[in-house]
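Basis for what follows: all heavy atoms, side chains included, without hydrogens, waters or symmetry-related copies. First the proteins, then the strands, lettered A, B, ... as listed; each starts at 1. Since this is a predicted model, take the numbers as computed values, not measurements.
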Amino acid sequence: MSTLHAPILDWYAAHQRDLPWRRPEASPWSVMVSEFMLQQTPVSRVLGPHEAWLTRWPTPGALAAEPTGEAVRAWGRLGYPRRALRLHAAATAIVERHGGEVPAAYDDLVALPGVGDYTASAIASFAFGRRHVVLDTNVRRVFARAVSGVEFPTTAPTRAERDLATTLLPEEPAVAAEWAVAVMELGALVCTARSPQCGDCPVREQCTWLRAGQPAYDGPPRRGQAWDGTDRQCRGRLMALLRDDHGAVHASRLVSAWPDAGQRERCLTSLLADGLVVQAGDETYALP
DNA sequence: GAATCGTGGGG
DNA sequence: TCCCCAAGATT
């Protein structure tokens, strides 16, 4: 146990948020749904859809029994709607391969659609108390600062970073799981990307970055995501139109969502390819 | 490894 | 206002 463990675990015990998927009665499915929704989407925007989702589909089997379009519509405006499709596909796979129960083993989890290393580790750790390195953007930032002394981690996790996280992971599975969520919470609430609250940090005395005087980031430029006029914006407009309008929409109505014909057609084609949209009639489209 | 894929809130 | 970015996964 390093000098970081006790302060962070104690801080978590005192300051953790009361989130639905963290409660003792939360099912593995509730944890899994939250992890899908939280991929690139803030907690505050996930709370509502998560509750509605669990009420409507309390089990993987309940979701798998519905058309994929229902999942896409219930996904609402969480963004990246392919996640809704993948969650539905994962639920179907759970019914087929695991008798309708969310598997506890990392290998089984990571084999599910839409589940990568992070999500598999998170579900195994948070829902089943297993011992896994859980490397999300929050954890990576905390370690970058506290241990490595740099403001931001690299674009992708490095081998050295994984080794470090493995070294810091407590041996006892239950403690490891608590440690994983505690470090993540610290990154989310205190050791934030912008304006970190170092004065409130339980490891401010040990933090390499803080002790070095919070040196400014000097790595490769971190590129922001373009948005205006992109296919993503176009796809978003088309999806919003189809989501808000139950039933099929005629092609002529898509023009109002995106005037540029070439880009509109290209995006519609990609949405059809993704399975987010289906052709309902001669020139009408709908959610699947 | 880099590009792609939504959305909305806060600094 | 504008820019950054939020519990990633996939190709």
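- Taking side-chain N and O atoms only, Thr119(A) has no distance below 4.0 Å to OP1 or OP2 of dA7(C).
- The distance between atom CG of Asn138(A) and atom P of dG8(C), rounded to the nearest whole Å, is 7 Å.
- Residue-level contact check: Trp21(A) touches the bases, meaning some heavy atom is under 4.0 Å from a base atom.
- Atom P of nucleotide dG6(B) and atom CG of Asp274(A) are separated by 7 Å, given to the nearest angstrom.
- Taking atom OH on Tyr12(A) and atom C1' on dA7(C), their separation rounds to 12 Å, with Å as the unit.
- The pair Arg264(A)-Asp231(A) does not count as a salt bridge, with every side-chain nitrogen at least 4.0 angstrom from each carboxylate oxygen.
- Across dG10(B) and dA7(C), the matching P atoms stand 14 Å from one another, rounded to whole Å.
- Summarising the geometry, the separation between CG on Leu242(A) and C1' on dG6(B) is reported as 15 Å, rounded to the nearest angstrom.
- Comparing Arg194(A) and Asp136(A) along DNA chain C, the residue whose closest nucleotide (by nearest heavy atom) sits nearer the 5' end is Arg194(A).
- Under the 6.0 Å distance and 45° angle rule, Arg253(A) does not count as a cation-pi partner of Tyr285(A).
- For Arg77(A) and dG6(B), the shortest distance from a side-chain N or O to OP1 or OP2 is not below 4.0 Å.
- For dT7(B), neither phosphate oxygen OP1 nor OP2 lies less than 4.0 angstrom from any side-chain nitrogen or oxygen of Arg82(A).
- Summarising the geometry, the separation between CG on Leu87(A) and P on dA9(C) is reported as 13 Å, rounded to the nearest angstrom.
- Nucleic acid contact for Ala193(A): sugar-phosphate only, since backbone atoms but no base atoms lie under 4.0 Å from a heavy atom of the residue.
- In this pair, Trp179(A) and Phe143(A) present their aromatic rings parallel. The plane angle is below 30°, not in the 30 to 60° band.
- Among the heavy atoms of the strands lying under 4.0 Å from Thr137(A) are primed sugar atoms or P, OP1, OP2 only; no base atom is included.
- Atoms NE2 (His132(A)) and C1' (dA7(C)) sit 16 Å apart, rounded to a whole Å.
- When rounded to the nearest whole Å, the span between CG of Asp228(A) and C1' of dT7(B) equals 14 Å.
- Among the protein residues, Arg17(A) comes within range of the nucleic acid bases, having at least one heavy atom under 4.0 Å from a base atom.
- Taking the centre and axis of the six-membered ring of Tyr217(A), the NZ or CZ atom of Arg222(A) falls inside the cone set by 45° and 6.0 Å.
- Separating the C1' atom of dG6(B) from that of dC5(C) is a span of 13 Å, rounded to the nearest Å.
- Taking the charged nitrogens against the carboxylate oxygens, Arg22(A) and Asp18(A) have no contact shorter than 4.0 Å, which rules out a salt bridge.
- Within 4.0 Å of Val139(A), counting heavy atoms only, lies no atom of the nucleic acid at all.
- Among the protein residues, Gly79(A) comes within range of the nucleic acid bases, having at least one heavy atom under 4.0 Å from a base atom.
- With DNA chain B read from its 5' end, the first of the two nearest nucleotides for Ala156(A) and Ser195(A) is the one closest to Ala156(A).
- The listed nucleotides are dA7(C), dC5(B), dC5(C); the one nearest the side chain of Asp231(A) is dC5(B).
- Summarising the local packing, CD of Glu51(A) is surrounded by 12 or fewer heavy atoms from other residues, nucleotides or ligands at distances under 6.0 Å.
- Residue Glu35(A) has its side chain nearest to dA7(C) when only dA9(C), dC5(C), dA7(C) are considered.
- Between the side chain of Arg45(A) and the base of dT7(B), at least one donor-acceptor pair of N or O atoms lies under 3.5 Å.
- For dG6(B), its base sits under 3.5 Å from the side chain of Thr41(A) at one donor and acceptor pair at least.
- Here Leu19(A) lies in heavy-atom contact (under 4.0 Å) with a base.
- Phosphate proximity of dG8(C) to Gln40(A): present, with a side-chain N or O under 4.0 Å from OP1 or OP2.
- A salt bridge links Arg56(A) with Glu70(A); the closest basic N to acidic carboxylate O contact falls under 4.0 Å.
- One atom, CD of Gln39(A), and another, P of dC5(B), lie 17 Å apart when rounded to the nearest Å.
- Listed pair Arg222(A) / dC5(C) meets the phosphate criterion, a side-chain N or O lying under 4.0 Å from OP1 or OP2.
- On the C1' atoms, dT10(C) is 13 Å away from dG1(B), given to the nearest whole Å.
- Counting any heavy atom pair closer than 4.0 Å across all strands shown, Arg140(A) reaches no nucleic acid atom.
- Here dA6(C) is the nucleotide among dA6(C), dA7(C), dG10(B) with the atom lying nearest to any side-chain atom of Gln225(A).
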